[in-house]
Amino acid sequence: MALRLGLCCLFAAAPVKFRRTTATALARLGRDEQLARLSSLCLENSMTLLAALEECQALGISAFRVMSPLFPLFTHPERGYQLGDLPDHDAIDGKLREVAAFRRSRGMRLSFHPDQFVVLSSPRPPVAASAAAELEYQGVLASLTGADVVNLHLGGVHEGKPESMTRFRHAFAGLTEAVKTRLTLENDDRLYTPADLAPLCRELGIGLVYDVHHHRCNPDGLSVAAATELSLETWRALGREAYFHLSSPKHGWGAKPRPHADYIDFADFPEEWLRLGCAVTVDVEAKAKELAIARLRSDLAGRCQLL
DNA sequence: GCATGTCAAGTTGTG
DNA sequence: CACAACTTGACATGC
């Protein structure tokens, strides 16, 4: 087996910074000025994304999660825009092609992870519609950059889990292929467990991203080994490398285990993951970012092969 | 300049 | 019933 450790969105020490703006700051500007401002941020962030991949490569990190606001306010109801609206459109497009080429040549894995506001299973039509729009945006970016995963939580439990999953099923059917082929579901730390999601993932032909920390916060009776296997099955059916998440609780496993710690406590690393028969990606969700990956790598030294 | 409060969005659970 | 927790640092604002 081999393990691919992934960095999530940001660097703690390396000088790689993504930029953003706010809707209220843009409100004072005319539309052309807004687009000029957004254009320069998108171009700068595209260059920063390439720099991020180069930095990962230099650090021996072979997976990277791209932050959702790479293109700030892209799907905002008032400030939203299309790539073609931006004055630097050609330069941005060219830079993203460079990102895609770099990713491919180094065999890196890229992913996107829409945040908690993206609720495809919501019973409220405007919420589900804006979730679909956001997913389409991330699907376009994923296509352009060569990312193979857009990872999502199922959402709330309005009326019940089966009803929510049915709404998810219907909304999924309406998405474009760019999103459908990349969308994955992840167990969360309060509601949906691996046991809840595995059947839906199998039915829809999508990957189940297994977050072991969430599973420990929100257990379903399955062992880590059993949940790992449920996830592996969904990826095996697709012929793709499996995807896991790992983090440690900031305040220990007591009353509030959900917040993430700076580093991974190696005791939290599932030893089942050392005995898998295939390569897997493990996103390291730790506030010390690349420093946490370096420490985990040294903890893992000699125990498994790292990609 | 430097410190501080804000940031587009949903849902659940707490106080 | 209102608000904090998710996560999170960069940016905008105000002194």
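Bear in mind the structure is a predicted one, so any value in this text is a computation, not a measurement.
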Using OP1 and OP2 only, check whether a side-chain N or O of [X] sits under 4.0 Å from [N].
X: S122(A); N: dT11(B); value: yes
X: R190(A); N: dC6(C); value: no
X: H260(A); N: dT7(C); value: yes
X: K17(A); N: dA10(C); value: yes
X: R37(A); N: dA12(C); value: yes

Q | Within 6.0 Å of CZ in R97(A), more than 12 heavy atoms from elsewhere | A |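 For R97(A), atom CZ is not crowded (no more than 12 foreign heavy atoms under 6.0 Å).
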Taking the minimum atom-to-atom distance to the side chain of [X], which one of [options] wins?
X: T21(A); options: dA12(C), dA10(C), dA8(B); result: dA12(C)
X: L73(A); options: dG10(B), dA8(B), dA9(B); result: dA8(B)
X: L10(A); options: dG13(B), dG9(C), dA8(B); result: dG9(C)
X: R28(A); options: dC7(B), dC6(C), dT13(C); result: dT13(C)
X: A25(A); options: dG13(B), dA12(C), dA9(B); result: dA12(C)
X: R124(A); options: dC6(C), dA12(C), dT11(B); result: dT11(B)
X: K289(A); options: dG10(B), dT8(C), dA9(B); result: dT8(C)
X: H158(A); options: dA8(B), dG9(C), dT12(B); result: dT12(B)
X: F117(A); options: dG10(B), dT12(B), dT13(C); result: dG10(B)

(Q) So, under a plain 3.5 Å distance rule, would you say the side chain of T75(A) forms a donor-acceptor pair with the base of dA8(B)? (A)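 Side chain to base: pair present.
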Using the [atom1] atom as the reference point in each nucleotide, state the distance between [N] and [M] in Å, no decimals.
N: dG1(B); M: dT8(C); atom1: C1'; value: 24 Å
N: dA4(C); M: dT6(B); atom1: P; value: 11 Å
N: dA8(B); M: dC11(C); atom1: C1'; value: 15 Å

Figure out the [atom1]/[atom2] separation between [X] and [N], and round it to whole Å.
X: H153(A); N: dC6(C); atom1: NE2; atom2: P; result: 13 Å
X: R79(A); N: dC11(C); atom1: CZ; atom2: P; result: 18 Å
X: L41(A); N: dC11(C); atom1: CG; atom2: C1'; result: 10 Å

Q. Angle class for the H260(A)/H213(A) ring planes (parallel below 30°, perpendicular above 60°, tilted otherwise)?
A.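 Ring orientation, 0 to 90° scale: perpendicular.
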(Q) Would you call the rings of Y137(A) and F71(A) parallel, tilted or perpendicular, taking 30° and 60° as the class edges? (A)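 Rings of Y137(A) and F71(A): tilted, as their planes differ by 30° to 60°.
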Q | Base partner of dG15(B), which must satisfy Watson-Crick or wobble distances under 3.5 Å | A |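 Base-paired to dC1(C).
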**Q.** Partner of L120(A) under side chain to side chain contact (heavy atoms under 4.5 Å, CB included), chosen from L154(A), L185(A), L175(A)
**A.**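 Only one option passes, and that is L175(A).
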(Q) Between N45(A) and T48(A), is there a side-chain donor-acceptor contact under 3.5 Å, judged purely by atom types and distance? (A)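 Result is no, nothing qualifies.
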Q) Using a cut-off of 4.0 Å on non-hydrogen atoms, how would the nucleic acid contact of T22(A) be classed: base, sugar-phosphate, or nothing? A)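 Since only primed, P, OP1 and OP2 atoms lie under 4.0 Å of T22(A), the category is sugar-phosphate.
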Q: Please work out if V157(A) contacts a base, only the sugar-phosphate, or nothing of the nucleic acid, heavy-atom cut-off 4.0 Å.
A: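 If one applies the 4.0 Å heavy-atom cut-off, V157(A) turns out to touch the sugar-phosphate alone, with no base involved.
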Q) Which residues, if any, of residues 192-201 of chain A bring a heavy atom under 4.0 Å of DNA chain C? A)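 Heavy-atom cutoff 4.0 Å gives no residues at all.
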Q | Close approaches to DNA chain C from residues 206-213 of chain A, in residue order (heavy atom, under 4.0 Å) | A |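 By residue number: none to list.
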Q: Output, in order, the C-alpha distance, side-chain angles, deciding distance and verdict of salt bridge (Lys or Arg N to Asp or Glu O under 4.0 Å) for K95(A) and E98(A).
A: CA-CA 5 Å; K95(A) 195 54 69 176; E98(A) 281 184 62; 3.2 Å; yes
Q. Quick check, are the ring centers of H245(A) and H215(A) under 6.0 angstrom apart?
A.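 Centroid distance H245(A)-H215(A): not below 6.0 Å, so no.
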**Q.** Candidate list R240(A), R104(A), R182(A), test salt bridge (charged side-chain N to carboxylate O under 4.0 Å, His left out), partner D148(A), passing option
**A.**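 Result for salt bridge (charged side-chain N to carboxylate O under 4.0 Å, His left out) with D148(A): R240(A).
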Q) Do D262(A) and K287(A) meet the salt-bridge criterion of a basic N to acidic O distance under 4.0 Å? A)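 Between D262(A) and K287(A) there is no salt bridge, as every charged N stays at least 4.0 Å from the carboxylate O atoms.
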